[in-house]
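Here's the structure we're looking at; comments come further down.
Convention: sequence-line order gives letters A, B, ...; per-chain numbering from 1.
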Protein chains: 2
Amino acid sequence: MNQTVIPKPDYEAALREAGVRITRPRRVILGILSDAGDHPDAMEIFRRAVAIDSSISLSTVYRTMKLLEGIGAIHRHAFEGGPSRFEPAVGDHHDHLIDIETGDVIEFQSDRIEELQQEIARELGYEIVHHRLELYGRKRRRR
Amino acid sequence: MNQTVIPKPDYEAALREAGVRITRPRRVILGILSDAGDHPDAMEIFRRAVAIDSSISLSTVYRTMKLLEGIGAIHRHAFEGGPSRFEPAVGDHHDHLIDIETGDVIEFQSDRIEELQQEIARELGYEIVHHRLELYGRKRRRR
DNA sequence: CTTCTATTTGCAAACGATTTGCAATTGCAT
DNA sequence: ATGCAATTGCAAATCGTTTGCAAATAGAAG
C-alpha cells in the first residue's frame, strides 16, 4: 500500500539554525506540532504538552509559538472569533475554509485566485506582502 | 460639476425599525459613522464622539457598534494586529487591501474571485456563509 | 406637559488572549 | 565539571472588549 508522504518538519534543525537552545519544553512542543494534523490553538497545544510534561507553562507555549513563527517554521492564523491557531509551515501555500459548525479547517489552493489578487493589487498600485483568504461555511446538505 | 453620490445610510430609521431608542449618544455616534470616509476603530470613534459630546463613554461606543452590527447597518473588520474597525454597510460587497505602512484601507471587488470561491466551496462540499479576503501590501515604488 | 417604566447610560470591574518582569533553572560551550 | 547566558515558570500586566449595576432618560401613556 502506498501512502502520500506527509512531510514532518525538522524543527530541531531549524532551531539550531536560528541559534537558540533545544530545551525540554521546546522539544515537547515541537513534537506536538510535528504530529498535529489539525490547527490547534495555544491552549490546546498547552494541554497536549502538559499531558507529556506537566511542568510546561502556557507562557512557554506562547513564547515558542512566537519563536517558531519568527523563523518561519509555523504559520499563525487568527480565524474569526477564537484565539490564534497554528500550523506547521510545511508544503506550499494554501488558504482555509473553516467549518463554522465544528471549527474544522480545510485547506485549499487556487492559483487562479492568487493571480487575480496580484492583478488587483497591481492595478491599485500596491505590491502584496501577504494576504488572507478565509471561507466560513457549513457542510452542504447531502441531497 | 458632477459628483458621484456617496450614499449616507439613514441609521436613525434603521434603529427605529429595530425598535430601539434614539438617544443622544447614539445620535452622535451615528453622525460620526455616516460621514466617516475611513474605517475607524472603536477608540477612534470614541475620540470623535467625545469631541462632540464629552460625556459619551467608550462602552457606549462598543455597545452601539454591536447593535448596528446586529441589525446589519455596519460591518466589523478584524484586520491583522489591530482592534476591530468599522464601516457603514452601504453599497455592495467588497474586499479590502490594507496598506501595511499607513493602515489605509482600499476597497476592491472581484466577481471572478467570488465565483472561484463558490466553486471551491462547492467542490469541498460546503456552502459559504461568509468570507474574508484581505490583501496586505505596500505602495509600489513609482518607477 | 407630567408621569411612568423599560431602555440606555457611564463607570468600574471582569474578561479572554497574550505578553512581560523577574528570580530560579538549565543548556551547552569551555 | 564549571560558568554564564538563554530559557523557564509564575504572577502580574497588557490590550481590546464586555458586563453588572445604579443612575439617567427616551418616549408611550395620560
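Look at A/Arg138 and A/Asp99 and you find no salt bridge, because none of the NZ, NE, NH1 or NH2 atoms lies under 4.0 Å from a carboxylate O. Between A/Arg27 and A/Glu12 there is a salt bridge, since a side-chain N of the basic residue sits under 4.0 Å from a carboxylate O of the acidic one. Between A/Arg47 and A/Glu44 there is a salt bridge, since at least one side-chain N of the basic residue sits less than 4.0 Å from a carboxylate O of the acidic one.
Residue B/Asp53 contributes atom CG, which lies 11 Å from atom P of C/dT9 at whole-angstrom precision. The distance from atom CZ of A/Arg21 to atom P of D/dA5 is 10 Å, rounded to the nearest whole Å. The CD atom of B/Glu69 sits 9 Å away from the P atom of D/dT18 (whole-angstrom rounding).
OP1 and OP2 of D/dC10 both lie 4.0 Å or more from every side-chain N or O belonging to A/Ser57. Remark: B/Arg26 is in phosphate contact with C/dT8, judged by side-chain N or O atoms under 4.0 Å from OP1 or OP2. Between B/Ser59 and C/dC11 there is no side-chain polar atom (N or O) within less than 4.0 angstrom of OP1 or OP2. Applying the 4.0 Å criterion to OP1 and OP2 of D/dT17, one finds that B/Tyr62 has a side-chain N or O inside that range. In terms of phosphate contacts, B/Thr23 brings a side-chain nitrogen or oxygen within less than 4.0 Å of OP1 or OP2 of C/dT9. A close approach under 4.0 Å does not occur between any side-chain nitrogen or oxygen of A/Lys66 and OP1 or OP2 of C/dT18.
If you look at B/His96 and B/Phe79, their ring centroids are closer than 6.0 Å.
Taking only distance into account, the side chain of A/Arg27 never meets the base of C/dG27 through a donor-acceptor pair shorter than 3.5 Å. Side-chain to base pairing of A/Arg63 with D/dG9: one donor and one acceptor N or O lie within less than 3.5 Å of each other.
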